[in-house]
Amino acid sequence: MGRFVPLSIPNFEGNERKYVDDAIEQGWVSTGGAYINKLEKSLAQFLHTDNVAACQSGTAALHLAMVEAGIKPGDVVLVPPLTFIAAVNPVKYQFATPVFIDCDDSFCMDATKLQDFCQQECAFDGKQLTYKGNPVKAVVIVHVFGNMADMTALMSIAHKYNLKVIEDATEALGTKYMDGPLASKYAGTIGDFGCYSFNGNKIITTGGGGAVTANDTKVVDHIRYLSTQAKDDVHYYIHNEVGYNYRMTNLQAALGVAQLEELPEFIRRKQKNYKLYCQLFDGFELGHMIGFRSDIDSNMWFYSLEINRDKVKATMKEIITKLEEKGVQTRAIWGLINEQLPYIHEITYKLEKAPYYAERILNIPSSTQITEEEIHYVAENIKKVLEESIGVDIE
Ligand SMILES: Cc1ncc(COP(=O)(O)O)c(C=O)c1O
């Protein structure tokens, strides 16, 4: 077997097995058990927030936030085009309409374009923003790859137009502002709702899992209630609302408690490895590392290399295949959501940066276990493949 450097794999160097064994021994494997409460408390403490509801996935977290935000059929929700589709699908689950707003150079929503859309394309009566007669109720802001969106500007626009803010912090657990009015605030704790994911590729994992927090602790309690089939009486099966089977299981939470213990170390490694990549690509003409905002402490979850398209003509697929042959696993950034079949007829607003980056970003290996030697190997081979492909089809 030749060398293989994976894109992103989970890291179980801590108490994972011990806690999962313990949950099994106790017989608490489903949606009840001490690890779920422990994970919720530890996460709330870590994020400096009052209340967190643990659930089955980041998608479930986003869906519950959408339900709790009161998104109804026909409402409009402003969303990003350049992210994982799970950030937008819950809008459709509610039979609402997404409108795609462009990103800026952080890949997160462009505040100026959001403001322009609200001001120029919508009507506002002082209470309710409407677009073509339909209420614009919320905005989904994704903190892409561990970076942070410009939350000061975005929150001020949201306040002005009475929009609920759903932060998709699935990729940014642990990212926080260091300076400015939001100093020490964590991604996901600034808007009305914050959603996290513990999928296998995230900075911590529970296999599959997620969590929601909100700026109102009662709202989180209600989300938890909805996630457990809206049980009003556990013994006599009384349900006063339509609920969901979205609660995290104790087995997942056992993993999560162990992973959360390791989060600071994982962030330290991500930051250190990112720095090394930056050094290795410094001055390289055919590609450069995308940065993170300077006023944040980022978890640096995922690394992006922007390919110089003036020089490199090979397609992403060709580049990725060549690297795969050398044992380096990479991937293209997502296809634009507005170009996916379920969304091709939806409205987009001034998309420029999103299509620009969709063609240029290569995500490179970023596991916490990657060694310095492997990072050197990855950088060397990416450089080789890009150099070989200047102006030519590399097949
Ligand atoms: C931006 C974004 N939103 C939502 C999700 C959905 O999370 P999950 O896979 O836990 O449902 C993910 C990751 O998978 C994501 O990257």
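All ligand and atom numbering here is 1-based and tracks the order in the structure.
In this structure, atom 16 (O) of ligand 1 lies nearest to the protein heavy atom Glu171 OE2, 2.6 Å. Looking only at heavy atoms of the protein, atom 12 (C) of ligand 1 is closest to Phe84 CD2, 3.5 Å. Nearest protein neighbour of atom 14 (O) of ligand 1, counting heavy atoms only, is Lys202 NZ, 3.0 Å. With hydrogens left out, the protein atom closest to atom 15 (C) of ligand 1 is Thr170 OG1, 3.3 Å, a heavy atom. Thr59 OG1, 2.5 Å is the protein heavy atom nearest to atom 11 (O) of ligand 1. Looking from atom 3 (N) of ligand 1 to the surrounding protein, the closest heavy atom is Asp168 OD2, 2.7 Å.
A side-chain donor-acceptor contact under 3.5 Å links Glu16 and Gln259. No side-chain donor from either of Thr348 and Asn338 sits under 3.5 Å from a side-chain acceptor of the other. Counted by atom type alone, Glu261 and Tyr19 present one or more donor-acceptor pairs between their side chains at under 3.5 Å. Judged by distance alone, the side chains of Asn199 and Ser197 never bring a donor and an acceptor atom under 3.5 Å apart.
Selection from Asn89, Asn199, Val88, Val140 by nearest heavy atom to atom 9 (O) of ligand 1 gives Asn199. Nearest to atom 5 (C) of ligand 1 by heavy-atom distance, out of Gly210, Ala86, Ala87, is Ala86.
Among residues two or more places apart in sequence or in another chain, the side-chain contact (heavy atoms from CB on, under 4.5 Å) test is passed with Arg309 by Ile307, Val312, Met316, Ile319, Arg360.
Classified by interplanar angle (parallel below 30°, tilted 30° to 60°, perpendicular above 60°), the ring pair Tyr186/His48 is tilted.
The closest approach between any non-hydrogen atom of Gly209 and ligand 1 is below 4.0 Å.
Close contacts between ligand 1 and Gly58 involve ligand atoms 7 (O), 8 (P), 10 (O), 11 (O) [criterion: under 4.0 Å to a heavy atom]. Of all the atoms in ligand 1, the ones that sit under 4.0 Å from a non-hydrogen atom of Thr83 are 1 (C). Using a 4.0 Å cut-off to heavy atoms of Ser197, the atoms of ligand 1 that qualify are 7 (O), 8 (P), 10 (O). Interface of Val142 with ligand 1, defined as ligand atoms under 4.0 Å from a residue heavy atom, comprises 1 (C). Counting atoms of ligand 1 from 1 in the listed order, those under 4.0 Å from a heavy atom of Leu62 are 4 (C).
In summary, Asp102 and Lys353 do not engage in a salt bridge, as defined by a charged side-chain N under 4.0 Å from a carboxylate O. A salt bridge links Arg224 and Glu40; the closest N-O separation between the charged side-chain nitrogens and carboxylate oxygens is under 4.0 Å.
The ring of His63 has its center closer than 6.0 angstrom to the ring center of Tyr93.
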